Structures are given as C-alpha cells and as structure tokens.
Amino acid sequence: MTLPRTADDADGVGDRDDAEAVAEPALARRSGRARGRLTSAYTAVERRLLEPRIRRRLEIGAPVAILALAAIVRLTNLGHPGVLVFDETYYVKEGWSTWQLGYEGEWVEGSDERFEAGDPGGLTDEPDYVVHPPLGKWIIGMAMAVFGMADPFWWRLPSALAGIAVVGLTYAVARGLLRSVAFASLAGFLVAIDGLAIVMSRTALLDGVLAMFVLAGAGALLLDRRGSPARTVRALADRPQRILAAFWNRPWIIVAGVLLGAACATKWSGAAFLAAFGLWTVLMDALDRRRAGYRSPWLGTLLSQAPASFVLLCGPALVVYVASYAGWFDGGWGSQLMLERADLRWGGLLAWVPLGLQSLWQYHVQQFGFHVGLTNDHSYQSPAFEWFYLGRPTGFEMVSGSEGTWWVTALPNLLIWYGSVVALGVLLFHFGRSLDRRAGFLLVAVAAGYVPWLLVPERTIFFFYAIVMLPFMVIGLASALQLLVGPRRLTADASTGLEADVAAAVPPPARVDDGAERRAAGWSVVAVIVVVAIAVSLWFMPVWYGIQLESDLIRLRYWPPMWPGR
C-alpha cells in the first residue's frame with residue numbers, strides 16, 4: 001500500500017530536509033577533520049620551534065632579520081625626493097647650522113633652492129629665533145657634518161638610523177613585556193612595515209628622533225622593574241619594621257633619566273613621557289612595598305622612594321637638557337640677553353644663578369608663549385581627537401605634472417593602525433579586569449603621547465606627532481593577539497589518573513595539550529593579519545616613497561577616500 005504524498009513531499013521540501021539532516025553531520029565531520037589537521041600541523045611546528053637549538057637560533061635570528069628588513073625599507077633610495085620635504089626646510093638647515101656655528105643661524109631668502117642644489121652659502125652667522133631644543137638638530141646634522149650636505153641621503157641618514165633603532169627597540173620592549181620571541185617579532189615586524197614609521201624615518205624631522213629616545217627610556221625603566229620586587233622583599237627582610245626605605249642603587253632609572261632628558265632636548269613633548277613614566281615608577285614601587293608587607297607602603301613610598309626616584313630620574317634629565325644648549329650659550333638667539341639687559345637680571349635668592357642660565361630661562365618663557373599661541377591654520381592640521389580614526393593624515397609633499405604625480409604622506413598601514421586602536425580597547429578592558437601591569441604600562445605610554453594634545457585643541461597640531469606613541473600601540477596589538485592565542489598549557493592525560501597540579505611530573509607522552517586547538521586558530525588569525533598588512537603596505541608604498549604614478553592611481557590611495565579635501 002502506498003501512502004499519499006504530502007504537499008511538502010510534492011514540493012520536494014521533505015527530501016531537502018532529509019538531505020540537510022544527512023549533510024549537517026557530514027559537514028561537521030569535515031569541519032572537525034579540517035580543525036584536526038590544522039591543530040596537528042600547528043602542534044608539530046610548535047614542538048619543533050620549542051627545541052632548544054631552534055629557540056636559540058630564533059632568539060638571535062628573529063631580531064636580526066627584522067632589523068635587516070627595517071634597514072632595507074628605510075635606506076633604499078633615501079635621497080629621493082631631492083628637495084626639502086615639509087618641515088625639513090627648518091630642521092635640515094638648522095642641523096647643518098648647529099654643526100657650523102654651534103647654534104641655529106639665519107638663512108637668506110631663497111636658501112632652500114640653493115641648499116637643494118648643494119650650496120649652503122645662504123647661511124649667515126646671525127642667530128635665528130627657533131622654538132625647539134637643539135639636540136634633535138645636532139643629530140640630524142651629524143651625517144652632513146662628516147659627509148657634506150650636497151646629497152639628500154646625508155640629510156636623512158640620522159633619521160633613518162633612528163627609525164631602524166625604533167624597530168629594534170620595539171622588539172626589545174615587547175620581548176621584555178610579553179616574554180615571547182614570537183609576539184615581540186610580530187610587534188617589531190609590524191613597525192618595520194608601517195607607513196607612518198617608514199615616512200618619519202625617511203624624512204629629517206624631530207619626531208622620529210624623539211620616538212627613539214622615548215622608547216629607549218621606556219625600555220630602561222622596564223629593566224629597572226625586573227629586579228624591583230625582589231629588591232623590595234630583601235630590604236624588608238633586613239629591617240622589617242622600617243617605613244622610610246629608599247633605594248638609591250638603581251642605575252637603570254639614571255639611564256632612563258638620561259634618555260628621557262634627551263627626548264625633552266629634542267622636543268618638549270618628551271616631558272609628558274618623563275612625567276608619566278616617573279609617576280608610573282612611583283606607583284609600581286608602592287605596589288611592591290604593599291605586596292612585600294611594608295607598614296604604610298603608600299606613605300613610605302611618598303616620603304622616601306618618590307623623592308629618591310625623582311632625583312635619580314629628573315636630575316640626569318635636567319643635566320642632559322641643559323647640556324644640549326652648550327652651543328647656544330656661545331651666540332644663540334637671546335643668549336646674551338642678561339648681559340645686555342641688567343634690568344632683567346634676577347635678584348635676591350636667585351642672584352647667584354649664572355647669567356647664561358637666566359638668559360636660557362627667559363628664552364624658554366618666550367618659546368612657551370609661541371607654542372601656546374600657535375593657532376595658525378594649516379591645510380594638513382589634525383586635532384588629536386581625529387587621530388584614532390585618521391581624519392587628516394599629514395601630506396608632506398606633492399608634485400604633479402604631465403608625466404604623473406608623486407606624493408609623500410605620513411599615512412600608517414591601515415590594518416596595523418586600526419587594529420592597534422581596537423587593541424587599546426581590549427587592553428583597557430583587560431587592565432580593568434585583571435590590573436595587568438604590562439597592559440597598564442602600555443596604556444600609560446599611549447596616554448602620554450596622546451592626552452597632552454587633547455588639552456590644547458586650539459593649537460595647530462599634526463597627525464605625524466603620533467609616531468611617538470605608535471610603537472606602544474603596536475606592542476599593545478601584539479599583546480591583545482597574545483591574549484587571543486592564549487598560553488601553552490599542559491595537563492595530565494585522563495588515563496594517568498593524575499591531578500593537574502602534579503601534571504608536571506608526568507613524562508611528556510602522558511601529557512596532553514588542551515589549548516592547542518585554540519592556539520592553532522589564534523595563530524591562523526595572526527597569520528592572516530600579517531599577510532593582509534603586507535598587502536596593504538605594498539598598496540600604499542607609492543605614497544610613502546614618493547613613487548610617480550598617474551594621478552588617478554595616486555587618488556586611489558587617498559585616505560580618507562575624499563582626502564586631501566576638507
């Protein structure tokens with residue numbers, strides 16, 4: 001007897017449902033097999049990389065390879081374009097001047113064209129009024145002092161070397177924070193191929209040098225932190241009742257003071273990092289005391305260690321900063337002010353201060369007034385609130401003609417930048433949940449490079465200032481991806497009947513890795529990010545290197561797409 005067909009049977013719906021019911025388990029099995037193959041392949045690679053011989057090679061080879069890549073992308077055709085790009089018109093000529101006169105001299109009208117042609121004859125011995133400290137300009141002028149200024153390669157070589165150093169320091173800081181060669185290599189690699197980092201390395205501006213000193217100072221403070229908890233515990237064991245205990249034997253804080261002082265002597269914005277890192281150091285000292293069991297750890301830190309750390313950090317910074325003006329004292333703009341104006345000299349308790357230092361102070365008062373009052377409109381200005389969404393990248397130079405157009409713009413790799421912005425949110429959430437000190441340090445560093453510019457919204461500000469916080473943002477991205485991948489955990493095989501807390505005693509064959517599948521999936525995400533980041537870098541390379549293309553092809557690389565229009 002044959003049953004009647006239903007309407008669904010007549011339409012074939014029932015057949016499809018049966019087919020889907022059969023297909024779903026098959027699809028799940030195929031998906032499971034694919035995940036299993038991926039996990040198996042990943043586990044084999046991971047096991048290979050964990051071999052001591054391979055690990056030793058990676059410890060050396062990874063940073064060397066990353067530095068080599070950074071050198072190639074920064075030094076290749078460094079002399080192009082052969083003109084003074086953007087603010088190079090100030091800093092390249094001032095760099096040359098400091099090595100010729102000891103201070104920044106005035107240049108006659110039309111000096112840019114003469115300088116680009118290899119003729120520095122437009123320099124006079126009259127001092128020029130400048131608004132940035134001299135150390136960055138001394139550094140920019142180093143190669144020109146040795147090899148001359150006829151070749152633009154020498155204008156930019158110190159900045160390129162500083163950019164290469166930033167890549168190496170990014171790796172080193174990430175290695176210390178994340179305790180992983182793989183994720184430190186990821187951070188260093190991403191900075192090596194990032195457009196903002198590349199352009200700032202290939203342009204003789206102060207901010208690339210500033211980024212190098214800030215990152216090096218951060219690394220020195222992290223080295224001081226390595227021994228701080230144990231040092232605090234030992235001190236308590238020696239004298240358990242003491243409250244006022246200050247540690248003066250902290251050489252890495254002194255090194256950090258020197259480096260952050262050099263940052264301040266390059267641009268005043270380095271002072272924000274000096275202050276932020278100093279406060280972070282004091283906070284970490286107080287937490288160390290609290291964990292070690294000191295009586296009144298917060299009061300004790302405030303009354304004893306905080307003043308000591310201030311002297312160790314800010315004392316060397318002040319010495320380096322003032323020393324950077326050595327050439328200025330011998331004829332720089334305003335250096336003779338107190339000799340010429342007796343009515344302006346300090347009296348009373350400050351009468352002992354040398355007249356040169358009094359002149360330097362007065363010069364700084366005038367510079368401060370300039371920076372606060374700098375509100376001139378500029379076609380590429382970008383207030384800080386626009387930075388995270390890239391509202392207005394800085395166009396450094398554009399030349400358009402019948403043969404095509406070339407452009408140099410400080411545009412970051414979009415995937416790296418936006419990924420780092422998202423990672424900041426992840427780190428903020430992670431820090432709020434776990435109070436992870438590593439995440440806290442990265443957030444402090446980014447805040448030091450960003451928040452001060454929010455406080456002066458009326459000032460003329462440019463996006464390329466963000467180069468100083470870029471390495472910390474990229475390390476934050478690597479840290480967020482490390483959280484995604486998760487740690488390598490070994491647990492006891494159920495067949496052994498051992499608990500997890502004694503799993504370490506089980507021979508390797510009896511231990512299983514219950515996180516391998518997650519790590520395999522996480523590293524797949526990392527691999528996709530790296531491949532796409534490389535593709536994005538290749539796409540935007542023409543506007544980082546000033547490669548001439550047809551105007552329509554250059555226009556395709558505008559970001560935002562309506563850029564450069566306002």
Side-chain angles (χ1 to χ4, degrees), residues 61-76 159-178 180-203 205 207-219 222 263 273 387-388 390 393 410-424 427 438 441-442 445-446 448-450 463-482 526 529-538 540-541 544-545:
V64 169
I66 291 168
L67 285 172
L69 173 65
I72 291 170
V73 299
R74 283 154 177 76
L75 297 176
T76 300
S159 295
L161 295 178
I164 296 169
V166 164
V167 173
L169 289 166
T170 300
Y171 174 89
V173 171
R175 180 71 178 87
L177 276 177
L178 308 182
S180 168
V181 173
F183 287 99
S185 299
L186 176 65
F189 175 78
L190 293 180
V191 172
I193 66 169
D194 179 76
L196 178 59
I198 290 173
V199 172
M200 296 304 294
S201 300
R202 295 174 57 86
T203 312
L205 303 185
D207 298 79
V209 178
L210 172 65
M212 175 185 67
F213 283 129
V214 166
L215 196 52
L222 290 174
F273 290 91
W387 289 4
F388 285 150
L390 292 179
L411 175 70
N413 182 299
L414 300 185
L415 179 63
I416 296 173
W417 179 261
Y418 289 126
S420 298
V421 172
V422 173
L424 287 178
L427 288 184
R438 298 174 300 175
F441 177 78
L442 292 172
V446 172
Y450 182 66
F463 168 74
F464 70 85
Y465 297 169
I467 183 60
V468 186
M469 66 182 191
L470 174 69
F472 300 104
M473 293 178 64
V474 174
I475 296 172
L477 174 59
S479 178
L481 290 173
Q482 187 180 40
V526 173
I529 289 174
V530 169
V531 170
V532 176
I534 293 172
V536 172
S537 289
L538 293 174
F540 284 104
M541 187 178 293
W544 297 343
Y545 284 81

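Everything numeric in this text was worked out from a predicted model, so none of it was measured.
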| field | Worked verdict on L67 versus Y171 for side chain to side chain contact (heavy atoms under 4.5 Å, CB included) | value | CA-CA 9 Å; L67 285 172; Y171 174 89; over 6 Å; no
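Distance check, rounded to the nearest 0.5 Å: CE of M212 to CG of L215 gives 10.0 Å. Of the inter-residue distances, the one linking L222 atom CG with F441 atom CZ reads 4.0 Å to the nearest 0.5 angstrom. Note: W417 CH2 to L411 CG = 10.5 Å, rounded to the nearest 0.5 Å. Atom OG of residue S159 and atom CZ of residue R202 lie 11.5 Å apart, to the nearest 0.5 angstrom.
Contact of the S479 side chain with the L427 side chain is registered, since non-hydrogen atoms from C-beta on lie closer than 4.5 Å. Inter-residue side-chain proximity for L470 and I467 is flagged as met; some heavy-atom pair is nearer than 4.5 Å. I164 has its side chain within reach of L75: a pair of non-hydrogen atoms, C-beta onward, lies under 4.5 Å apart. Using a 4.5 Å heavy-atom threshold, the side chains of V532 and V536 count as touching. Side-chain contact between Y465 and W387 is present, with heavy atoms from C-beta onward closer than 4.5 Å.
A423 approaches L477 most closely through the heavy-atom pair CB-CA, 3.5 Å. Residue S180 comes nearest to R175 through the heavy atom pair N-NH1, 3.5 Å, listed as atom of the first residue, atom of the second, then distance. The two residues V166 and G208 make their nearest non-hydrogen contact at CG2-O, 4.3 Å. Nearest heavy atoms, L178 versus I475: CD1-O, 4.3 Å.
R438 contributes no side-chain N or O that, together with a main-chain N or O of G176, makes up a donor-acceptor pair within less than 3.5 Å. Using a distance-only test at 3.5 Å, with no hydrogens or angles considered, no donor-acceptor pair links the side chain of W544 to the main chain of P412. At least one donor-acceptor pair closer than 3.5 Å links the side chain of Y545 to the backbone N or O of V73.
Centroid-to-centroid, the aromatic rings of Y450 and F388 come within less than 6.0 Å.
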Could you go through residues 182-199 and list every donor-acceptor pair under 3.5 Å that involves a side-chain atom there, pairing it with any protein atom two or more places apart or in another chain?
| unit_1 | atom_1 | unit_2 | atom_2 | d |
| --- | --- | --- | --- | --- |
| S185 | OG | V181 | O | 2.7 |
| D194 | OD1 | N413 | N | 3.0 |
| D194 | OD2 | L196 | N | 3.0 |
| D194 | OD2 | A197 | N | 3.1 |

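Qualifying side-chain hydrogen bond (donor to acceptor under 3.5 Å, both in side chains) partners for S201, counting only residues two or more places apart in sequence or in other chains: R74.
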